[in-house]
Amino acid sequence: MSDTMVALVTGANKGIGYEIAAGLGAHGYRVGVGARDAQRREDAVAKLRAAGVDAFGVPLDVTSDASVTAAAALVEEREGRLDVLVNNAGILGDTWPDAPTGVTPAVLRRVVETNVIGVVRVTNAMLPLLRRAPAPRIVNQSSHVGSLGLRTTPGVDLGGASGAYAPSKTFLNAVTIAFAAELSDTNIKINLACPGYVATDFNAFAGTSTATEGAEIAIRLATLPDDGPTGGMFDAAGTVPW
Ligand code: NAP
C-alpha cells in the first residue's frame with residue numbers, strides 16, 4: 001500500500017466536484033475522478049493531470065449497485081484503501097423551484113435515488129476501504145436549501161418552495177447524522193458541506209460564487225485534523241443550522 005493519501009470524489013467531471021478534485025490534488029492526494037460518462041471522465045482526468053494532479057478515472061454511476069460495486073473493486077485493487085470520500089454527485093430534478101404541488105413521483109424518486117440513496121450506496125461500498133485509512137474523512141454535499149432551520153426562519157430567501165431537491169438534501173442531512181452516530185466510536189469523520197450558490201450547469205451558471213470557491217468547504221472538511229468535528233453541517237462561514 002502506498003503512502004500517498006487517496007481520495008474519491010463522485011461527480012468530479014465538472015462543476016464543484018471537479019474543483020474539489022483539483023483542490024485535494026493540490027493538497028497532495030491521489031484523486032479518483034468518479035464520473036458516469038467515459039468521455040467526460042477521461043477529459044476531466046486529462047485536465048487534472050495536466051494541472052499536476054495525480055488523478056485516475058473511476059467509472060461511477062451512483063444510482064447503480066453494479067457500478068458502485070465495480071468502483072469499490074477498482075479502488076481496492078489500485079490503491080488498497082481510501083482516505084477521503086466526497087459524495088458530491090447530485091441532481092436538481094426537472095425545474096427550479098420544484099413546487100411540491102407540481103412535483104411528480106417519478107422526479108421525486110429520481111432525485112432521492114441520486115442525492116440520498118446514491119450517497120448511502122457509495123458510502124457503504126467504500127467503508128471497508130475507508131476503515132483501512134489512518135484518518136478517514138467523508139464529506140456529503142448538502143445545501144442551505146435543505147436546512148429546515150433556515151427554511152422556517154421568516155425572511156430567509158431559499159429560492160422558493162421545493163418539493164424534491166431541497167427535501168432530498170434534508171433527507172441526506174438526517175442520513176449523515178445517523179452515519180456519524182453509528183461511526184462515533186471509530187476514527188471516521190463524516191460531515192455535510194454547503195457550498196453556497198455556485199455558478200455551474202446546475203443553475204445555468206446563475207450562481208454568485210465560482211466553483212473553486214464552492215469547493216472550499218468540502219476540501220476543508222475532507223482534510224480535517226483529528227480534533228475536527230463529525231456529524232456537523234458547515235459552509236464557508238461556519239455551522240449551518242439543521
Ligand atoms: P453540476 O455541475 O451539475 O455537477 C453535478 C455532477 O454530478 C456532475 O459531474 C454529474 O455528472 C454528476 N452526477 C449526477 N448524477 C450522477 C450519477 N447518477 N452518478 C454519478 N455522477 C452523477 O452541479 P454542481 O453545482 O457542481 O453540484 C455538485 C453538488 O453540489 C450537488 O450535490 C449539488 O446538489 C450541490 N450543490 C450545488 C449548489 C450550486 O449552487 N451549484 C448549491 C448547493 C449544493 P454528469 O456530467 O454525468 O451529469
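Both ligands and their constituent atoms are indexed starting at 1 by order of listing. We count residues from 1, following the sequence as given. Note: hydrogens, waters and symmetry copies are ignored here, and every other heavy atom, side chains too, is used.
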Check this for me: does any side-chain nitrogen of one of Arg132 and Glu79 sit under 4.0 Å from a carboxylate oxygen of the other?
no
What I want to find out is whether Arg121 reaches Glu113 closely enough, with some N-O distance under 4.0 Å, to be called a salt bridge.
yes
Stepwise, does the salt bridge (Lys or Arg N to Asp or Glu O under 4.0 Å) test hold for Arg36 with Asp61?
CA-CA 5 Å; Arg36 57 185 169 176; Asp61 180 341; 5.1 Å; no
Any ion pair linking Asp227 and Lys189 (charged N to carboxylate O, less than 4.0 Å)?
no
Arg109 CZ: over 12 foreign heavy atoms closer than 6.0 Å
no
Same cluster (ILVMFWY, side-chain, under 4.5 Å), Tyr197 and Met233
no
Within the 4.0 Å heavy-atom cut-off around ligand 1, the contacting residues, ordered by chain and number, are Gly11, Asn13, Lys14, Gly15, Ile16, Arg36, Arg40, Leu60, Asp61, Val62, Thr63, Asn88, Ala89, Gly90, Ile91, Thr114, Gln141, Ser142, Ser143, Tyr165, Lys169, Pro195, Gly196, Tyr197, Val198, Thr200, Asp201, Phe202, Asn203
